[in-house]
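Each chain gets a letter, A, B and so on, in the order its sequence line appears, and its residues count up from 1. All of these numbers come straight from a predicted model, not from anything done at the bench.
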Amino acid sequence: METLRERLVAAFGAAVAAGELPSVAGPEPVVEMPRESGHGELASPYAMQLARALRVPPRVVAERLAAHLGGLPPGVRVVVANPGFLNFYLDDAWLAQALAEVLERGPDYGGSDVGGGRRVLIEFVSANPTGPLNVVNARAAAVGDSLARLLAAVGYRVEREFYVNDAGGQVGNLALSLEVRLRQLLGEAAELPPDGYPGEYLVDLARGYLEEHGAAVLELPEEERLALLRDFAVERIRAQQEASCERYGVHFDRFFSERRLHETGAVDKVVGLLRERGHTYQEEGATWLAAREFGDDKDRVLVKSDGAYTYVVPDVAYHLDKLRRGHDLLIDLLGPDHHGYVARMRAALEALGYPPGVLEVHLIQQVRLLREGRAVTMSKRAGEFVTMDQLVAEVGCDAARFFFLQRSPESPLDFDLDLAKLETSENPVFYVQYAHARICSLFRQAGENWPEGADLTLLTQPEERELMRQLSRFPEEVLAAAQERAPHRVARYCLELAGLFHSFYNRHRVLGSAPPTAAARLSLARAVGAVLARGLDLLGVTAPERM
RNA sequence: GCGCCCGUAGCUCAGUCGGACAGAGCGUCCGCCUUCUAAGCGGAGGGUCGUAGGUUCGAAUCCUGCCGGGCGCGCCA
């Protein structure tokens, strides 16, 4: 595809040089796969894109471009079609060559090096250490992990990081809530503060605390007491969150503590840096960041009139730390309630001298669980919500991840629990996995005595050609998914490939064919299996060998 | 009030840096197992792309207004 684009541009240049077309700065050529098979395997509306700027009829542009399109790989034929499309037809030799490449490269097929080893840090989930992970966290975990896999596949050096908000008011409330639960267990009359954490998990945590440490802590002075309870609760909950992610197949390279930023003085320093760079001012007793200079819609308080920092400051210090660790690009996946915060974070980083592009933020939208067609009600206030662990226990890791990755991350998602549990073709994840298992089954029956070096040009049936064409698209699909930060493209690709395979399988015999054909079809099946496995791997979903 | 996301088939959603008659899955209806996994396949039906204008050879896609749904907008984190 890349080369086809380049050839189109070159053809345009050649036509201009030959005086057949006026010289203008043209747009980038679009190359696409036509829906209609009669329109070729690939097609480009490039002539029509150029027509306006050139003020030459599209059809004429197309013909002149076609005349100058040299150096196409053998087996590729160009046809000019009605309004001015250039349609490319790939013959059997070309497809056979593409298939051979899949078989040669094996698990490496689909990868590339466009990232050039640049370092990317993806921060995701980053839930407060005040309770179990919820279903939105599970969505973010699936998306972040898959993005990391995709970026690694196209040549970036990727790290996954989880930011732990273990300082500030939230964990203070957590400590207070834990204390109340302890006292309640000991028979005292105590009530949760209004902004306390009501979930049952804190009762369990309190019980665990009593078993391990007894009740002596309650006799300590308040400050010391709450600090001990806070540390206990934060570390326990954080570890539980990590364990939930691990069970889900998501591994973080680092859990980054906010408190550490305070302890090392990084938080104080970042305010000093912003002051030195002249992007702050004093007003009404507070220190403000002149965020409007950098595109935010209002200036933001950094240091409150009581001397405390606002929550942005440690976050800025954290992002500065990430950059200083040598990452070229920071990607944050945030919850839908955080978008107001993006502009100020960008503004702060720009004020520190970094280009606006170093921080890329994606908002992961809400998840609504559906059971028997109705939304499962959740109440954060009452501490009643479905946890990530519960979801995974109910539908399984693969289904959960696949369902999250089927949709574009920035649209709200309805998660059909009943569908996710079905073990039939209605369930998309099973549909894809089943295709893989079927292929493995073929090889179990074929055994080892099949000839190497099958004659791939025997694969001329429409279903075979469609499969080969789909396989040849995989690398560009992976690249597009990585560049657009769109794992759902891979999910769709897998669904399409699995569908094409099921059609092929139903229409044609593999093992029952004449040996040369059987060998060629086994090769095709091997390639499909490898690409399905790789595609699923990019989603963090397993490719079972039998089902 | 301001900002962001969303509005496409009965349902859930792709497609949204303009391109060839608008796609998929589920659900509905009709077919296909003496042979490699029927956890599968084939076919049918189903859409004023929220709405009204505009730009363009061409608009689901770009611009403007309006309607509907969700979420933000603190010297809270």
Side-chain angles (χ1 to χ4, degrees), chain A residues 27-28 30 32 34-36 38-39 43-49 51-52 57-58 81-85 87 128 130 165 167-173 195 258 283-288 297-298 300-312 314-315 335-343 363 365-366 368 370 373 403 406-408 410-416 418-419 422-428 430-431 433-435 437-446 484 486 488-489 491-492 495-496 498-499 501-513 518 521-522 525 546-547:
Chain A
E28 272 294 296
V30 169
E32 58 194 10
R35 280 191 271 279
E36 195 68 34
H39 293 139
S44 175
Y46 190 38
M48 294 185 291
Q49 295 175 267
R52 181 186 325 199
N82 39 37
F85 281 98
N87 292 339
N128 285 334
T130 53
N165 284 287
Q170 314 260 21
V171 289
N173 286 335
D195 45 3
E258 176 187 355
E283 195 176 293
E284 297 171 23
T287 303
W288 295 69
D297 51 359
K298 53 184 81 161
R300 304 291 173 174
V301 172
L302 296 174
V303 187
K304 298 186 260 186
S305 46
D306 67 2
Y309 297 129
T310 59
Y311 68 91
V312 209
D315 283 354
D337 49 338
H338 280 80
H339 83 257
Y341 142 117
V342 177
L363 302 178
Q365 287 295 332
Q366 278 178 307
R368 202 164 59 126
L370 300 178
F403 270 57
Q406 260 188 111
R407 306 284 180 243
S408 125
E410 56 261 31
S411 17
L413 171 74
D414 278 2
F415 192 115
D416 186 335
D418 303 307
L419 180 62
L422 275 187
E423 300 196 350
T424 73
S425 65
E426 296 152 40
N427 182 345
F430 277 86
Y431 184 79
Q433 290 181 317
Y434 181 50
R438 265 185 159 175
I439 290 167
C440 292
S441 170
L442 279 178
F443 282 97
R444 278 195 298 273
Q445 294 187 38
E484 294 172 21
H488 67 284
R489 291 190 63 138
R492 301 188 77 81
L495 244 7
E496 283 169 20
F501 181 77
H502 286 309
S503 296
F504 158 78
Y505 184 89
N506 213 260
R507 179 93 176 69
H508 302 288
R509 306 277 315 161
V510 176
L511 301 178
S513 311
R521 287 183 177 163
L522 274 173
R546 40 181 106 224
M547 294 174 68

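Nucleotide B:A44 is matched to B:U28 when pairs are restricted to Watson-Crick or G-U wobble geometry with both distances under 3.5 angstrom. Pair assignment for B:U51: B:G65, on the basis of Watson-Crick or G-U wobble contacts that are both within less than 3.5 Å. Base pairing of B:A14 is not made with any nucleotide, judged by Watson-Crick or G-U wobble geometry with both donor-acceptor distances under 3.5 Å. In a base pair of the Watson-Crick type (N1 to N3 plus N6-O4 or O6-N4) or a G-U wobble (N1-O2 and O6-N3), with each distance short of 3.5 Å, B:A60 is matched with no nucleotide. Pair assignment for B:C2 gives B:G72, based on Watson-Crick or G-U wobble hydrogen-bonding distances that are each under 3.5 Å. Base pairing annotation: B:U34 forms no Watson-Crick or G-U wobble pair, as no partner gives both donor-acceptor distances under 3.5 Å.
Here the separation of B:G42 from B:C49, taken at their P atoms, is 29 Å to the nearest Å. With C1' as the reference atom, B:G47 and B:C13 are 14 Å apart, rounded to whole Å. Between B:A52 and B:G31, the distance separating the two P atoms is 41 Å to the nearest Å. Taking the P atom of each, B:A14 and B:G58 are spaced 29 Å apart, rounded to whole Å. The separation of B:U16 from B:C62, taken at their C1' atoms, amounts to 10 Å, rounded to a whole angstrom. Using atom P as the reference point in both B:C4 and B:U12, the two lie 26 Å apart (nearest Å). Rounded to whole Å, the P atom of B:C11 lies 15 Å from the corresponding atom of B:G27. If you take atom C1' in B:U56 and the same atom in B:G18, they sit 9 Å apart, rounded to whole Å.
Between A:Y309 and the phosphate of B:C76, there is no side-chain N or O to OP1/OP2 separation shorter than 4.0 Å. In terms of phosphate contacts, A:S408 brings no side-chain nitrogen or oxygen within less than 4.0 Å of OP1 or OP2 of B:U16. Between A:K298 and the phosphate of B:G74, there is a side-chain N or O to OP1/OP2 separation shorter than 4.0 Å.
Protein atom CG of A:D315 is 13 Å distant from nucleotide atom C1' of B:C76, rounded to whole Å. Summarising the geometry, the separation between CD on A:Q365 and C1' on B:G69 is reported as 12 Å, rounded to the nearest angstrom.
Ranked by how close their nearest RNA chain B nucleotide is to the 5' end, A:Q366 and A:R438 are led by A:R438. Where A:H502 and A:D306 each meet RNA chain B at their nearest nucleotide, the meeting point lying more 5' is that of A:H502.
Among the atoms of the strands shown, only primed sugar atoms or phosphate atoms (P, OP1, OP2) are found under 4.0 Å from some heavy atom of A:L413. Among the protein residues, A:A437 comes within range of the nucleic acid bases, having at least one heavy atom under 4.0 Å from a base atom. Residue A:N165 is out of contact with every strand shown, counting any heavy-atom pair closer than 4.0 Å. Within the nucleic acid shown, A:S411 comes within 4.0 Å of sugar-phosphate atoms alone, with no base atom in reach, counting heavy atoms only.
In textbook terms, a nucleotide whose glycosidic angle is within 90° of 0 is syn, and B:C33 is one such case.
Between A:R300 and A:T310, the side chains place no donor N or O within less than 3.5 Å of an acceptor N or O (distance only, hydrogens not considered).
With hydrogens and angles ignored, no donor-acceptor pair closer than 3.5 Å exists between the side chain of A:N173 and the base of B:A77. On a pure distance criterion of 3.5 Å, a polar donor-acceptor pair joins the side chain of A:S305 and the base of B:C75. The base of B:C76 is not paired with the side chain of A:Q170 by any donor and acceptor separated by under 3.5 Å.
Closest approach to the A:R492 side chain among B:G19, B:G23, B:C76 is made by B:G23 (side chain taken as heavy atoms from C-beta onward).
Stacking here means ring centres nearer than 5.5 Å and ring planes tilted less than 30 degrees, and by that measure A:F85 does not stack onto B:G19.
The backbone N or O of A:S441 lies less than 3.5 Å from no partner atom in the side chain of A:R546, so there is not a single donor-acceptor pair.
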